[in-house]
Structures are given as C-alpha cells and as structure tokens.
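Quick notes on the structure that follows.
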Amino acid sequence: MTRNPGVPRLLRRLNDRSALELLLSEGPLTRAELGARTGLSKVTAGQLLSRLEERGLVEVAGERAGGRGPNAALYGVVPSSAHVAGLEVLPDAITVGVADITGRVVVEIVVDPAGHEDPVAAVHEAVRRACASADITLARLRSFVIGTRGVVDPGTGDVRFSYDLPAWHTGVLASLRRTLGASVTIENDVNLVALAEHRYGAAAGQDDFVVVWAGVGQGLGVMLGGRLHRGISGGAGEIGWLPVPGEPLPADVSRPQSGSYQRLIGHEAVLRLASEHGLSTVGSSGGERGLSTGSSGGERGPARSSAAELVGAAVAGGRAGFLDALAARLAVAVAAVTVVLDPGLIVLAGDIGRAGGPDLADRVERSVAKVCPGRPSVVTTGLTGNAVLRGALVAALEQAREQVFSDTV
C-alpha cells in the first residue's frame, strides 16, 4: 500500500487552522476546551498548542480555576502576530485603519492627500503615518485593502472607471503593489460596506442580501450565497444608471450625475424634494439647525443643509409627507432589485439611509410592497463609524488570516 507522506502534514495544518479560528471566535480556551471543541485528544491538542506557541501565533493569556489541582492555562492568539491595513480613499481624504490579527483596530487616521498628485504616493504616505501612529513597521502589514468609489475590474483588480478619482486608472494597482507589497487589493466601497454589514451589521448571519447606498452617490452591494456579486466587468451595483419612469435616459455615460436614478434620488434631487414639501433649514445664533417651513416668498432653502441633515430633521419632526415621497423614490431601486434577485433583506446605508433610520426603512418596505410582488425586509444599517473602512478591514483580515493560519507547519 502506497502511503501519502503529505497527509499528516495536511491534517496538522487543518487542525491548526481550526484551532486558531476557534481561539479568535471563542477564546481564550484551555487545552481541554480546545480539544473538546475540535474533537482532538488532549495529547494532540497539547502538541498543536506547543507548535503554535513555537511559531509565535499562540500564547498563554491567563488561567482558569477548576476543581482540584492547579489552574488550567488559557491560550489565545497573539494579537501582534500580524497586522493589516484598511483604507477609504476619497478625493479630499484618505482614511487608514490598522488592525491586529484579532481584528482590534489599533489606530485610525485621516490624511489630506493635497500635494500628492500621484495616488500611489498619497496612499504610501497615509499608510506610513498610520504605521508610525501604531508604532509598527510597514513590513508588519500582511494585507492592504483599499475601498474607493468607482468600478473595479474583477479580472485585473484595477480601477476601470472612477469619476471622483480620475488619477485612479489601470496600472495604479501594479504601482501600489510595487510600493507596498503584493497583498494590496482595491475594492468598490459599497461592496466593502456589504462585507461589514455581513460580519458586524444588520445582515449578520444572512447570506443573501443587498445594501442600498443612498448618499452623495448611489450604489448597491450584492451578497449572494455569502459571496459578493461583482458582475463580469465589476459594474454590478451601479444603480445610479437604472432607468426610471419620468426621468430622461443619459446621453453621455461619462457624466454620472446624468443617470436616471441618480436624478431621482441624488443629493440635489433630495434637496429639491424637500423644498417642494416646504422644508428648509435655518441657522440659529448658536449655530444649530432645525427644521422649519419655508414660505414661497422667502430666501430660505434646503441648499443650506445637506440632504442627510434634512432627512434626519424630517424624521425628528415627523414630516410624513416628505418621508413618504422619499421612500417612494428609494423603493424604485429596491423593487427593481427585488424582482430580479429576490434577496429577502435590503439594508439602507449611506448618509441618507443612516439619517432616515428605522422610520425611513419601514416606509420603504411598505412602498415596495405596493409596486412589486416580493416584499423584502428593509432595515437601516447596523454599522457605526466609517462603514467602508470597517469593510476594508474585514477583507484585509480574511486575506491575512489565510496567509498566516495556513503556514503553521
């Protein structure tokens, strides 16, 4: 009988990976607890922990008192065994977060890219500053995931088109990898929000859902079967181009603001809708803004506030007419997605989705039920802080753990 010498090594690697994942999700654990959860004997679990300790991946993190005899040692993953970086790149700001292998964010900074016409130089400088703040070397970063607006080609990984970031073009990814290392990935920002919602937010435990991003730009993040759906060219989710009744079709696709759905639900469209419902914001002497009713002869108008501020104020003020009209517009995209994909769950995100909260989400759900046979649950985002950055760190951690946890034997 021919023996395969690779089998024991593969089994050790699989056992190590399983143990490390358990220590991350449930740890710290004793040797006996780890053995019970993995199905390994105490002897094998002990050998596994010794091997991982030697590799610097596991350490004694305390002890647990039991019955008779000495306390049992508790083992946990060494946080500093690897670090990752997640970035959100906007025209006027680069946000960098650095996390250790456990997912704990050790630093988050925002850098103004002004003065760096080269996007590679701007990203490198931002990452360098983040590493300095975290007191780690750049070489300690095992993975970089960059979230940005635009269409990312799933075949090459390069930005195929970005209206807001024209300098991000084919060839930027290769330059970033030469500067920072081969583990750099660029991903569409709303796709990263979907990853974050799946891991931490309103879609936790759901493998089929859609994130509807409503803000300065419009976008979708589609998760099917627990995997992001990007489309052949990376253009899945460019909902701003969705044709809608009553809005003209674009004559020039190089002008994103000309998309039919963008005309219906974009920032300026929401401001106009607010004006039609007599809503405006006025500044008080203390600098605070509150919702008021503007008269036809006055000079006040919603342009003095962002669309998200108006939506939040409308929710607080119970302005049902405006909120129902806004929900009907959002329902156009939700209904279109529902009749094609039937995801069951829609998460409203972005500045407007967050400002509208459960009130707006409930109105969208009821509005969708009127125009299509499917009735998905519509909820507001479950994330706080920078959702794009959180998603970038989720993706970066998945990559880094695949590298580190698969190289233990």
Side-chain angles (χ1 to χ4, degrees), residues 188 190-191 193-194 197-198 201-203 206-225 228-231 235-250 253 256-270 272-274 276-277 307-308 311 314-315 319-382:
N188 172 266
V190 185
N191 282 345
V193 174
E197 292 286 1
H198 189 234
Q206 301 289 325
D207 286 343
D208 293 89
F209 68 93
V210 170
V211 171
V212 176
W213 180 273
V216 176
Q218 316 310 313
L220 294 178
V222 180
M223 183 81 75
L224 299 175
L228 284 174
H229 178 72
R230 299 177 176 87
E238 293 296 314
I239 198 67
W241 300 105
L242 179 71
V244 296
E247 295 295 334
L249 295 176
V253 295
Q257 299 304 315
S258 68
S260 298
Y261 189 67
Q262 178 68 26
R263 291 174 182 267
L264 185 71
I265 201 65
H267 185 270
E268 295 300 323
V270 174
R272 288 192 299 271
L273 182 65
E276 291 169 8
H277 283 265
V311 172
V315 170
R319 305 304 293 265
F322 167 69
L323 293 172
D324 283 341
L326 178 62
R329 294 187 177 197
L330 287 168
V332 172
V334 175
V337 171
T338 299
V339 297
V340 174
L341 299 179
D342 191 22
L345 177 66
I346 305 291
V347 181
L348 292 185
D351 293 341
I352 290 175
R354 182 177 293 178
D359 188 338
L360 181 61
D362 182 62
R363 294 172 190 272
V364 172
E365 182 173 319
R366 286 186 273 120
S367 187
V368 170
K370 296 176 182 178
V371 297
C372 77
R375 183 167 180 172
S377 297
V378 181
V379 300
T380 191
T381 176

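Bear in mind that the values here come from a model prediction, so they are computed numbers and not experimental data.
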Could you walk me through whether Leu326 and Ile265 pass side chain to side chain contact (heavy atoms under 4.5 Å, CB included), step by step?
CA-CA 8 Å; Leu326 178 62; Ile265 201 65; 3.4 Å; yes
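Closest approach of Arg230 and Asn191 over heavy atoms only: CG-ND2, 3.9 Å. Across all non-hydrogen atoms, the minimal contact from Ala236 to Gly231 is CB-N, 3.8 Å. Looking at every heavy atom in both residues, Asn188 comes nearest to Val190 through OD1-N, 3.0 Å.
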Under 3.5 Å, side-chain donor or acceptor atoms of residues 209-219 against the rest of the protein: list the pairs with distances, not counting sequence neighbours.
unit_1: Gln218; atom_1: NE2; unit_2: Gly215; atom_2: O; d: 3.0

Please tabulate, for side-chain N and O atoms in residues 365-378, each donor-acceptor pair with protein atoms closer than 3.5 Å (sequence neighbours left out).
unit_1: Glu365; atom_1: OE1; unit_2: Val378; atom_2: N; d: 3.0
unit_1: Arg366; atom_1: NE; unit_2: Asp362; atom_2: OD2; d: 3.0
unit_1: Arg366; atom_1: NH2; unit_2: Asp362; atom_2: OD2; d: 3.0

Show me the donor-acceptor pairs within less than 3.5 Å that the side chains of residues 328-352 make with the rest of the protein, sequence neighbours left out.
unit_1: Arg329; atom_1: NH1; unit_2: Leu264; atom_2: O; d: 2.8
unit_1: Thr338; atom_1: OG1; unit_2: Val334; atom_2: O; d: 2.7

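Partners of Arg354 by side-chain hydrogen bond (donor to acceptor under 3.5 Å, both in side chains), not counting sequence neighbours: none found. Applying the side-chain contact (heavy atoms from CB on, under 4.5 Å) test to Arg263 and every residue at least two apart in sequence or in another chain returns Glu247, Pro248, Ser258. Remark: Asp324 pairs with Arg363 by the salt bridge (charged side-chain N to carboxylate O under 4.0 Å, His left out) rule, at least two apart or across chains. Contacts of Asp208 classified as side-chain hydrogen bond (donor to acceptor under 3.5 Å, both in side chains), with partners at least two apart in sequence or in another chain: none.
Between atom CG of residue Leu323 and atom NE2 of residue His277 there is a gap of 9.5 Å, rounded to the nearest 0.5 Å.
Contact check for Leu242 versus Ser260: no side-chain heavy atoms found under the 4.5 Å cut-off.
Residues Asp207 and His198 have side chains that bring a donor and an acceptor to within less than 3.5 angstrom of each other.
Between the side chain of Thr380 and the backbone N or O of Gly353 there is at least one donor-acceptor pair closer than 3.5 Å.
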